[in-house]
Amino acid sequence: MHDHDDHHHHDNHFSDMQARVKALETVLTQKGLIDPAAIDAIVETYETKVGPRNGARVVAKAWSEPDFADWLSRDATAAIASLGYGGRQGEHMRAVFNTAATHNLVVCTLCSCYPWAVLGLPPVWYKAPPYRSRAVIDPRSVLEEFGLTLPQTKKIRVWDSTAELRYIVIPERPEGTEGLDQEALADLVTRDSMIGTGLAKPVGAGR
Amino acid sequence: MNAHEPSNLLAGSPELPKSVEGDPVFAEPWQAEAFAMTVRLHEKGVFSWSEWAEALSRELYQPGRCADGSDYFDCWVAALSRLVTELSITSEAQLDHLTRSWQRAAEATPHGQPILLENDPAL
């Protein structure tokens, strides 16, 4: 990352935020509350290992295995943990299923609670005030801005996440995917489709 | 790329940091560090995730925050600072002191050398 501050060019310069984070790190390390190796490991996990692919596998399995879908609808926390995707924050998960009649949309109006274990880190727009406020008030127009126009007859349910309860949307399985295995199905599941701001991709749309 | 990837006001604010694979994660390393420290403190039982969410929410709803959310991690750092101060792990004064010390250390460190706190000439 470049430092865009070119008013006074020093060899090294810490922005207020950089320095503040270093200060926190210094204090917390001195108190024995954090250690650099653990911090690096967490960053690496969230940057590379966790991501929407975990959630996509959950969705693909639910599409393929009715028993799993049933478990997911009753106890998403346990069903998702069975695939090895556990939440670090000990939060409970709930899976909300899109149907022909209902579309589900997830938001966190309070801050930006997000199912990190299955979706990785939230996109910027999820954290931004316009989405947080408007998704509840006028979900239909928010979805239109995402290029998703739903028929007026389709009901939209908005789920407001909390620190204790996070939601994942199980999108509808696209047409013509009967012959696909779970790996191929997972490729059709986008991050946005699991937040509810998109749909699963049609077959042949590519990655 | 997601065909539905929005290119609109909600998603396309130019001020918002973007990152790997089109999915903005951390715009700068300090954001990742702040995030990871918070996760670690929670793992260690220093605070509950609800306490954290409440602290973060309080900062996000302060007047004068950017409408596009581009100061999200600034809020994050403010919330973390406030929480550890409230928990008497450190004080605001000590954090401010260390912040300035790190800035002096950075300026005093020749290019290419690791920036260490002991490089602060005022120490």
Side-chain angles (χ1 to χ4, degrees), chain A residues 1 10-28 31 33-34 38-43 46-47 51-52 88-91 110-113 120-121 123-125 127-131 134 142 145-148 162-164 190-193 197-199 201 205 207, chain B residues 2-6 8-11 13 16-18 20 23-30 32-37 39-44 46 49-50 52-53 56-57 60 65 67-69 72-74 77 80-81 84 89-90 94-95 98-103 106-107 109-111 115 117:
Chain A
M1 256 310 142
H10 296 277
D11 270 358
N12 283 307
H13 174 75
F14 273 175
S15 70
D16 290 347
M17 279 297 144
Q18 271 177 301
R20 184 74 168 181
V21 168
K22 291 302 281 181
L24 280 161
E25 203 175 80
T26 303
V27 166
L28 296 168
K31 302 265 174 182
L33 291 169
I34 61 166
I39 297 305
D40 288 350
I42 293 166
V43 170
Y46 279 98
E47 278 193 327
R88 283 189 105 106
Q89 282 77 42
E91 69 273 20
L110 183 68
C111 47
S112 59
C113 294
L121 286 161
V124 168
W125 51 259
K127 300 178 290 195
Y131 180 77
R134 288 185 41 220
V142 168
E145 283 185 36
F146 280 88
L148 181 59
T162 66
E164 292 82 23
T190 62
R191 179 198 65 207
D192 288 3
S193 73
T197 51
L199 302 176
K201 289 185 287 191
R207 292 211 68 160
Chain B
N2 178 359
H4 298 302
E5 199 69 36
N8 50 60
L9 280 175
L10 273 183
S13 304
L16 292 184
K18 294 250 158 67
V20 290
D23 289 340
V25 178
F26 302 113
E28 298 187 37
W30 65 264
E33 279 159 35
F35 170 83
M37 285 193 286
V39 170
R40 187 66 179 151
L41 290 175
H42 168 262
E43 281 179 347
K44 288 229 167 183
V46 173
W49 206 255
S50 317
W52 166 250
L56 178 58
S57 173
L60 291 172
R65 291 300 185 191
D68 62 3
Y72 182 79
F73 275 104
D74 295 23
V77 170
L80 184 59
S81 303
V84 296
I89 293 166
T90 182
Q94 194 186 3
L95 280 179
L98 273 169
T99 302
R100 285 193 299 273
S101 189
W102 270 110
Q103 283 180 317
E107 315 246 329
T109 304
H111 187 76
I115 298 169
L117 187 58

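Every chain is numbered from 1, with letters handed out A, B, ... down the list of sequences.
The contact between A:Lys31 and chain B is made entirely by side chain atoms (from C-beta outward), counting heavy-atom distances below 4.5 Å. Looking at B:Leu95, both its backbone and its side chain come within 4.5 Å of chain A, counting heavy atoms on both sides.
Residue with the most contacts toward chain A among B:Ile115, B:Thr99, B:Leu98: B:Thr99 (heavy-atom pairs, distance under 4.5 Å). Chosen from B:Ile89, B:Val46, B:Val84, the residue pairing most often with chain A at heavy-atom distances under 4.5 Å is B:Ile89. The greatest number of non-hydrogen atom pairs below 4.5 Å with chain B, out of A:Asp16, A:Leu33, A:Leu28, is found for A:Leu33.
In this structure, the side chains of B:Arg65 and A:Pro129 stay at 4.5 Å or more apart for every pair of heavy atoms. At a threshold of 4.5 Å between non-hydrogen side-chain atoms, the residues A:Lys22 and B:Leu117 do not count as touching.
A donor-acceptor contact closer than 3.5 angstrom is absent between the side chains of B:Trp30 and A:Ser15.
For the atom pair B:Glu33 CD and A:Gln18 CD, the distance stands at 8.5 Å (nearest 0.5 Å).
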Please report the C-alpha distance between B:Leu60 and A:Lys127 in whole Å, then the side-chain angles of each, then the deciding distance to 0.1 Å, and finally whether the side chain to side chain contact (heavy atoms under 4.5 Å, CB included) criterion is met. CA-CA 10 Å; B:Leu60 291 172; A:Lys127 300 178 290 195; over 6 Å; no

